[in-house]
Amino acid sequence: MQEIEIADIRRITEVVKSRYGYDFTDYAMSSFKRRIQRILELYKFASTEQLIKKIEEDTIFFETFLAEITVNVTEMFRDPSFWREVRDHIIPNILLNHDSFSIWHAGCSSGEEVISMAILLKEMDILHKVNIIATDIDKPILSKAMKAEYSLKNMELNEKNYIRFQGTESVRNYYEEKNGNAVFDRSLLERVSFRNFDLVKGNAFNKFDLILCRNVMIYFNQNLQNTVLKKLHESLFKYGYLAIGSKESLIWCEIANRFIVANNEEKIYKKIKE
């Protein structure tokens, strides 16, 4: 197995940035290195030189490379206690002051989180009051999210999560089985707009009452996490809520004092200062 050097990582990030405009310079080194190692083994590259040549010459392969680097691992109602907190406390608090509100799923991957939110809002009978933006850097995975079709093999875990979330129906009520896939009801996405967006390079483009950016920043180094958190802060209305992943934190970041903790266990924060 080839040992990947820091110089190899730098060359790959430089080629990707110059050829495609994606900047992985400030991704967490250990995580990025693991993903490169996996790509070398999975696609049987003899060296990083071969990988770089393939990236430079094959735009279709680059989409595969991007999907591997950005780690699209997700499930519906992941961390059910988080979703209970959103339903029982966060959204009711938002509705105290607003008749309608907006949500941003930043790094929505293949869309299971978006479908989960839509089901939650439908069961609260407030889906019609919400505007949802779902974004991801990876165009092919975003296309999958827009289709809202998932393998039936994944539905058992999703149903278990939903039961622990204590939903009022069953996940089965929201999809039809077709060719081995669960095809979710299109009405769940009627309030959702999907957009290709790069959290690293893109500017704040709207204001939201609730932003979910969960399990995205664990792949960034501290410098990039700081940059992204500033962007998310800027994208929140005052007194809006930010939800991050269970292994992520705001404690050390430069704008930590502009938030208060809404729920420490579920990593939900409330913006109190511009």
Side-chain angles (χ1 to χ4, degrees), residues 72-134 145 148-177 181-192 208-216 218 236 239-250 260-270:
N72 295 295
V73 178
T74 186
E75 62 199 49
M76 290 180 62
F77 294 99
R78 184 178 185 175
D79 305 318
S81 60
F82 166 82
W83 291 98
R84 288 198 302 271
E85 177 67 15
V86 169
R87 177 192 60 198
D88 297 343
H89 297 107
I90 302 304
I91 289 177
N93 284 342
I94 293 171
L95 288 173
L96 285 174
N97 300 306
H98 306 284
D99 291 328
S100 62
F101 61 103
S102 56
I103 298 173
W104 178 17
H105 293 271
C108 69
S109 187
S110 47
E112 283 90 338
E113 182 183 82
V114 180
I115 290 290
S116 302
M117 180 64 78
I119 289 173
L120 178 154
L121 295 168
K122 189 175 181 68
E123 293 184 357
M124 293 180 74
D125 196 26
I126 58 170
L127 182 56
H128 61 286
K129 295 184 176 184
V130 184
N131 286 314
I132 300 172
I133 305 291
E149 296 183 19
Y150 307 102
S151 172
L152 283 170
K153 293 184 290 186
N154 299 335
M155 288 304 116
E156 183 178 353
L157 173 59
N158 293 337
E159 186 71 50
K160 285 180 180 178
N161 286 346
Y162 176 84
I163 290 169
R164 289 171 57 209
F165 157 67
Q166 299 169 359
T168 60
E169 302 283 341
S170 164
V171 172
R172 292 187 188 89
N173 293 359
Y174 297 103
Y175 66 80
E176 293 182 355
E177 295 183 13
N181 286 333
V183 182
F184 278 83
D185 189 334
R186 297 304 302 175
S187 68
L188 290 171
L189 299 180
E190 64 186 10
R191 306 296 296 178
V192 182
F208 299 91
D209 298 287
L210 171 61
I211 297 176
L212 288 80
C213 187
R214 305 176 69 218
N215 308 303
V216 175
I218 52 174
L236 276 173
Y239 307 124
Y241 292 89
L242 171 64
I244 60 176
S246 59
K247 295 179 181 178
E248 298 164 341
S249 177
L250 295 190
I260 59 171
V261 176
N263 186 303
N264 190 50
E265 187 173 336
E266 305 303 340
K267 297 298 180 71
I268 303 175
Y269 301 85
K270 186 174 185 177

Asker: Checking Tyr150 against Glu75: is there a side-chain donor and acceptor pair closer than 3.5 Å?
Answerer: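 No, because no side-chain N or O of Glu75 sits under 3.5 Å from a partner of the opposite role on Tyr150.
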
Asker: Would you confirm whether Asp79, through its side chain, and Ser81, through its main-chain N or O, come within 3.5 Å as a donor-acceptor pair?
Answerer: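 A pair under 3.5 Å: no.
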
Asker: Begin with the C-alpha distance, continue with both residues' side-chain angles, and end with the deciding distance and a verdict on side-chain hydrogen bond (donor to acceptor under 3.5 Å, both in side chains) for Ser170 and Glu159.
Answerer: CA-CA 7 Å; Ser170 164; Glu159 186 71 50; 3.2 Å; yes

Asker: Can you list the residues that meet the side-chain contact (heavy atoms from CB on, under 4.5 Å) rule with Ile126, with sequence neighbours excluded?
Answerer: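 side-chain contact (heavy atoms from CB on, under 4.5 Å) list for Ile126, sorted by chain: Ile91, Leu95, Phe101, Leu121, Met124, Lys129.
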
Asker: Residues in side chain to side chain donor-acceptor pair (under 3.5 Å) with Glu169, at least two apart?
Answerer: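 Asn173.
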
Asker: Give a yes or no answer on whether the side chain of Trp83 reaches the backbone of Arg78 with a donor-acceptor pair at less than 3.5 Å.
Answerer: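 Judged by distance alone, yes, a pair lies under 3.5 Å.
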
Asker: Roughly how far, to the nearest 0.5 Å, is CG of Leu127 from CD1 of Ile119?
Answerer: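 CG of Leu127 is found 10.5 Å from CD1 of Ile119.
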
Asker: I'd like to check the side chain to side chain donor-acceptor pair (under 3.5 Å) partners of Glu248; sequence neighbours left out, ordered by chain and number.
Answerer: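 Scan of Glu248 (side chain to side chain donor-acceptor pair (under 3.5 Å), adjacent residues dropped) gives none.
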
Asker: Does the Ser151 side chain pair with the main chain of Lys153, one donor and one acceptor, at a distance under 3.5 Å?
Answerer: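 Such a contact is found between Ser151 side chain and Lys153 backbone.
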
Asker: Between the side chains of Asn131 and Arg191, is a donor N or O closer than 3.5 angstrom to an acceptor N or O?
Answerer: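 Yes, Arg191 and Asn131 have a side-chain donor paired with an acceptor closer than 3.5 Å.
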
Asker: Report the distance from atom CG of Leu188 to atom OH of Tyr175, rounding to the nearest 0.5 Å.
Answerer: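 Taking CG in Leu188 and OH in Tyr175, the distance rounds to 13.0 Å.
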
Asker: Just by modelled atom types, is the Met76 backbone N or O under 3.5 Å from a matching donor or acceptor in the Asn161 side chain?
Answerer: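 At least one qualifying donor-acceptor pair exists.
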
Asker: Applying side chain to side chain donor-acceptor pair (under 3.5 Å), can you list everything that pairs with Asn158, at least two apart in sequence or on another chain?
Answerer: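 Checked Asn158 against side chain to side chain donor-acceptor pair (under 3.5 Å); zero matches.
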
Asker: Phe82 ring centre to Arg214 NZ or CZ under 6.0 Å, with the angle to the axis within 45°?
Answerer: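 Relative to the ring axis of Phe82, which defines the angle, Arg214 lies inside both limits.
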
Asker: Among all residues two or more places apart in sequence or in another chain, which pass the side-chain contact (heavy atoms from CB on, under 4.5 Å) test with Asn263?
Answerer: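 Counting only residues at least two positions away or on another chain, Asn263 forms a side-chain contact (heavy atoms from CB on, under 4.5 Å) with Glu85, Glu265, Glu266, Ile268.
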
Asker: Keeping the roles fixed (side chain from Asn181, backbone from Glu149), state whether a donor-acceptor pair exists under 3.5 Å.
Answerer: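 No.
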
Asker: Would Arg84 and Phe77 count as a cation-pi pair here, with the cationic atom under 6.0 angstrom from the ring centre and within 45° of the axis?
Answerer: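 No, Arg84 does not sit over the ring of Phe77.
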
Asker: Tell me, do Val130 and Ser100 make a side-chain contact under 4.5 Å, heavy atoms counted?
Answerer: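 They are not in side-chain contact.
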
Asker: Does the side chain of His105 reach to within under 4.5 Å of the side chain of Ile211, using non-hydrogen atoms?
Answerer: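 His105 does not reach Ile211 side chain to side chain.
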
Asker: Verify salt bridge (charged side-chain N to carboxylate O under 4.0 Å, His left out) between Glu156 and Lys160, making sure each step is shown before the conclusion.
Answerer: CA-CA 6 Å; Glu156 183 178 353; Lys160 285 180 180 178; 3.6 Å; yes

Asker: Working to the nearest 0.5 Å, report the span between CD of Gln166 and CG of Asp88.
Answerer: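 These two atoms lie 8.0 Å from each other.
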
Asker: Please check: side-chain N/O of Lys270 versus main-chain N/O of Ala262, any donor-acceptor pairing under 3.5 Å?
Answerer: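 Answer holds: no.
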
Asker: Go through the steps for Phe208 and Ile133 under the test side chain to side chain contact (heavy atoms under 4.5 Å, CB included), then give the verdict.
Answerer: CA-CA 9 Å; Phe208 299 91; Ile133 305 291; 3.6 Å; yes

Asker: Kindly write out the residues that satisfy side chain to side chain donor-acceptor pair (under 3.5 Å) with Asn154, not counting sequence neighbours, or none if the list is empty.
Answerer: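 For Asn154 there are no side chain to side chain donor-acceptor pair (under 3.5 Å) partners, ignoring immediate neighbours.
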
Asker: Taking the side chain as C-beta and beyond, is there a heavy-atom pair between Glu123 and Tyr174 under 4.5 Å?
Answerer: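 With C-beta onward as the side chain, the pair touches.
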
Asker: With rounding to the nearest 0.5 angstrom, report the CD1 to CD1 distance, Ile90 to Ile103.
Answerer: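 Those atoms lie 11.5 Å apart.
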
Asker: Enter the distance from Glu113:CD to Cys213:SG here, rounded to the nearest 0.5 Å.
Answerer: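 Spacing of CD (Glu113) from SG (Cys213) equals 9.0 Å.
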
Asker: For Asn215 and Ser246, work out which heavy atoms get closest and say how close.
Answerer: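 Nearest heavy atoms, Asn215 then Ser246: OD1-N, 4.0 Å.
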
Asker: Measuring from atom SG of Cys108 to atom CD1 of Ile132, what distance do you get when rounded to the nearest 0.5 angstrom?
Answerer: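 Cys108 SG to Ile132 CD1: 11.0 Å, rounded to 0.5 Å.
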
